[in-house]
Amino acid sequence: MVFQSPRGTADILPQDQPQWRFVEQAARRMAYRFGYDEITTPIFEDTDLFSRGIGSSTDILEKETYTFPDRGGDSMTLRPEGTAPVCRAYLQHGMNNLPQPVKLFYIVPNFRYERPQSGRYRAFNQFGIEVFGEQDAYIDAEVIELAWKYLEALGLKDLSLTINSIGDPSCRPKYIEHLKDYYHPHIANLCADCNRRINTNPLRLLDCKNDPCQELIESAPKSIEMLCPSCDKHWNSLVSNLSNIGLKHTVENRLVRGLDYYTKTVFEISPPDDGRMSVIVGGGRYDGLLEELGGSPTPGIGFGMGIERVIENLRRQKISLNQQNEQKIMVAHIGNEAKLEAIKLASLIRSNGGTSLVAPSRGLRSQLKYAAHIKATEVVIIGDDEIESGLFPVRNLANSEQKSFRKEEIINMFTQNQ
Ligand SMILES: [Zn+2]
Ligand SMILES: [Zn+2]
């Protein structure tokens with residue numbers, strides 16, 4: 001019997017690692033450039049954190065978490081999303097006492113027991129950011145700008161940005177009443193999900209994907225038309241901030257978040273082809289969440305981006321990444337004495353900061369084949385004659401040119417650019 005990786009998970013094989021490294025390093029670079037610092041939280045947390053932080057009646061909590069009692073009997077949950085743990089860390093480490101805003105980012109694995117389908121994994125990686133302690137809409141625009149600039153820097157094209165405001169506890173209840181009144185005469189025509197949600201979570205009727213509901217969504221009342229003065233001011237400020245930095249956007253009434261602690265801004269960035277199943281980034285403001293988790297009222301906003309989705313879109317758009325041309329030196333050897341010399345030279349190159357390995361113990365022709373296979377850039381060839389003369393041929397594998405050098409020259413040559 002041969003084991004397979006669990007359903008809904010994938011190995012990142014050696015040939016895919018350069019792409020992953022590139023995508024992750026670009027994320028770090030972009031986040032630092034906007035003044036964000038990295039945070040890493042544990043892979044599992046108390047289950048209660050997520051029941052509070054995501055809502056215990058959501059699909060995620062009801063059907064998708066990996067929850068288990070640990071050996072002490074406490075209920076633990078593998079991280080299904082990045083925001084709640086970072087909020088927990090912010091409160092636990094007293095970051096609310098630091099000068100605000102506090103700006104954090106993370107690149108971490110998440111776990112959700114989802115129905116496996118293309119582009120959805122049960123273990124997936126997320127690049128996310130969170131900002132705490134800033135009300136002003138300039139930060140909403142900055143969060144969106146960071147996500148956008150990052151995807152743009154990777155070379156992704158034809159992305160679209162949609163935004164909306166879902167108000168806050170002072171204006172949303174009135175909007176929801178209005179929405180219910182609008183839907184009421186049409187209950188018989190709604191899908192089963194919407195029939196249930198109209199009582200539990202009416203906002204979610206707006207992002208229903210089922211056919212019978214689409215027409216009703218089209219002409220549903222718009223949340224941005226019913227904002228209270230303070231939400232309206234925030235919304236207008238967000239829109240003008242986005243225009244100010246030249247970020248094109250569409251206003252989308254379907255864009256909602258079902259939970260009470262989400263407030264005002266919501267946004268998504270999607271690739272050209274598909275609909276919302278393929279959203280690369282989703283984010284928004286959550287001014288009520290820190291309080292929900294036991295902190296004092298603190299505004300917050302952030303986004304989460306699936307790295308698998310980013311990579312899938314890079315592949316779909318056939319974007320090749322400029323991979324760094326790093327030197328990788330293989331030291332080939334003919335004979336026992338030469339082998340000892342090769343081991344020493346490879347070690348010296350590494351000690352000086354270069355990348356080098358000793359050829360496997362077989363004939364020279366086979367060693368050279370191996371060099372091509374591992375994508376070595378140069379091969380140093382050592383035999384008895386070379387040891388005697390102190391001059392070692394260096395072959396460039398890209399153009400097959402060969403030239404001899406002294407040992408010190410070789411070490412300099414392969415380490416000075418590192
Ligand atoms: Zn529906
Ligand atoms: Zn409001």
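Numbering of ligands and ligand atoms starts at 1, following listing order. None of these values were measured; they are calculated from a predicted model.
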SG (Cys228) to the Zn ion (ligand 2) to SG (Cys171) angle, given to the nearest 10 degrees: 120°

4.5 Å side-chain heavy-atom contact, Ser356 and Phe414: no

Ring-ring centroid check Phe127 Tyr150, cutoff 6.0 Å: yes

Salt-bridge present (Arg88, Asp48; N to O < 4.0 Å): no

Vertex the Zn ion (ligand 1), rays to SG in Cys213 and SG in Cys208 - rounded to 10°: 110°

Degrees at the Zn ion (ligand 1) between the SG atom of Cys194 and the SG atom of Cys191, nearest 10°: 110°

Name of the residue among Glu130, Glu134, Glu142 meeting salt bridge (charged side-chain N to carboxylate O under 4.0 Å, His left out) with Lys103: Glu142

Contact check: Asp168 to the Zn ion (ligand 2), N/O/S below 2.8 Å: yes

